[in-house]
Amino acid sequence: LMGLLHRLYRIAHETVFPTRCLACGEFFRRPDRAITGDTDDAALLAAKLCPACLQGVVRVASPMCSICGLPFIGRQGQDHICGECIRSPGVFAKARAALVYNQTLKRLVHCFKYQGKIQLAAALGEILLVAFERHWEQERIDLVVPVPLHPKRMRKRGFNQAYLLVHRWGLPMARSLAARPGPVLQRDLIIRTRYTVPQTTLGRRKRAENIKNAFALTDCGRIKNKAILLVDDVYTTGATAGECARLLLDGGARQVDILTLARAVLPA
């Protein structure tokens, strides 16, 4: 009886207050069953996105660049090093992402970052955690470090989206982390010391120039000989992540890997 009453309540609620898709803005009916505990990326967002936009939630999968994680257009073959990593190898060991940064993810990330829809953080953080467990299952990571915002941008936005993606990793949702020594979240290990124009307005070369020497370490002692996972929302050219990785390695880190929610696929 309670189940029936709950279902009737949900139907009535959806009729009066229909759910609006956070990606396209269309109204849709939320799924009847909860998705709690489901590790399918699209399923974790089923209560936030309409069925059409859910089709645009695409997991980054092989074949990809074995260093920077760039997914190749051709879906046949094995992982190998991409041309950009051959021409200009980065300082980080490897970079991986959970989802492809297509139009659906672009709208979703924009909604999360610029419209303050921080209720997305739990589902997106779970998706990121699944990617971490998949790509670092057998590898030791000592510290998780979110890419910081400049204080001016932090005041304007009110939150750091990279931190929100990982701040729940210590809770019971982190299934595999409970079975092995988990990494320690270091929120303020890196600070942003120089205010820069948004990277989204710049090309590859200008991005590297814009972000150069924009960060500083607060405590080199905490990173000595540590394996560090640097976390951000989107990997485009890798300029921001690369600059942070260089800083950490210069400060004494043993290894720096990168994990982002989404990976942009740039034209050749």
Nearest heavy-atom neighbours spanning Ile258 and Trp136: O-CH2, 3.5 Å
Donor-acceptor under 3.5 Å (Lys224 side chain, Gly251 main chain): no
Salt bridge flag under 4.0 Å for residues Asp41 and Arg59: yes
Exercise: do Gln186 and Asp188 side chains pair donor with acceptor under 3.5 Å: no
Rounded distance [0.5 Å steps], CG in Leu230 versus CG in Leu143: 11.0 Å
CG on Leu45 to CD on Glu126, rounded to 0.5 Å: 10.5 Å
Side-chain heavy atoms of Phe112 within contact of Leu22, under 4.5 Å: no
Interatomic spacing from NE2 in His80 to CD1 in Ile86 - rounded to 0.5 Å: 8.0 Å
Aromatic plane relationship, Phe92 with Tyr235 - under 30° parallel, 30 to 60° tilted, over 60° perpendicular: perpendicular
Ile67/Lys94 under side chain to side chain contact (heavy atoms under 4.5 Å, CB included): CA gap, chis, key distance, verdict: CA-CA 5 Å; Ile67 296 178; Lys94 73 175 181 181; 5.6 Å; no
Separation of Leu108 CG from Lys117 NZ (nearest 0.5 Å): 12.0 Å
Check against side chain to side chain contact (heavy atoms under 4.5 Å, CB included), His110 and Arg107: CA-CA 5 Å; His110 188 280; Arg107 291 193 294 265; 5.6 Å; no
Option from Val58, Thr104, Ile127 for which side-chain contact (heavy atoms from CB on, under 4.5 Å) with Leu99 holds: Ile127
Under 3.5 Å donor-acceptor, Arg194 side chain and Asn210 backbone: yes
Glu133 side chain reached by Glu137 side chain, heavy atoms, under 4.5 Å: no
Test item: Pro148 and Ile191 side chains (from C-beta on) under 4.5 Å apart, heavy atoms: no
Ring-face cation contact, Tyr101 with Arg263, 6.0 Å cut, 45° max: no
Residue pair Cys50 / Cys24: nearest heavy atoms and the distance that separates them: SG-SG, 3.8 Å
Same cluster (ILVMFWY, side-chain, under 4.5 Å), Val184 and Ile228: yes
Heavy-atom pair of closest approach, residues Gly56 and Leu105: O-CD2, 4.0 Å
Heavy-atom pair with the smallest gap, counting every atom of Ala214 and Thr196: CB-CG2, 4.2 Å
Cluster check Phe159, Leu124: I/L/V/M/F/W/Y, side chain < 4.5 angstrom: yes
Side chain to side chain, Leu185 and Pro146, heavy atoms closer than 4.5 Å: yes
Heavy-atom closest pair, residues Cys82 and Cys65: N-SG, 3.3 Å
Backbone N/O of Met64 and side chain of Ser62: donor-acceptor pair under 3.5 Å: no
Lys/Arg cation over aromatic Tyr195: Lys152, 6.0 Å, 45° cone: yes
Backbone N/O of Ala162 and side chain of Asp233: donor-acceptor pair under 3.5 Å: no
Backbone N/O of Val147 and side chain of Asn160: donor-acceptor pair under 3.5 Å: yes
Under 3.5 Å: donor-acceptor pair, side chain of Arg20, backbone of Phe28: no
Test: Lys212 and Glu209 ion pair at under 4.0 Å: no
Thr218 side-chain N/O to Leu189 backbone N/O, donor-acceptor pair under 3.5 Å: yes
Test log, rule salt bridge (Lys or Arg N to Asp or Glu O under 4.0 Å), inputs Glu243 and Arg192: CA-CA 11 Å; Glu243 182 67 13; Arg192 204 152 185 160; over 6 Å; no
Heavy-atom donor-acceptor pair, Asp142 side chain to Ala227 backbone, under 3.5 Å: yes
Under 3.5 Å donor-acceptor, His167 side chain and Leu164 backbone: yes
Side chain to side chain contact (heavy atoms under 4.5 Å, CB included) between Leu149 and Gln161, intermediate numbers included: CA-CA 9 Å; Leu149 294 180; Gln161 70 280 355; 4.2 Å; yes
Which atom of Trp169 lies closest to which atom of Gly125, heavy atoms considered: NE1-O, 3.4 Å
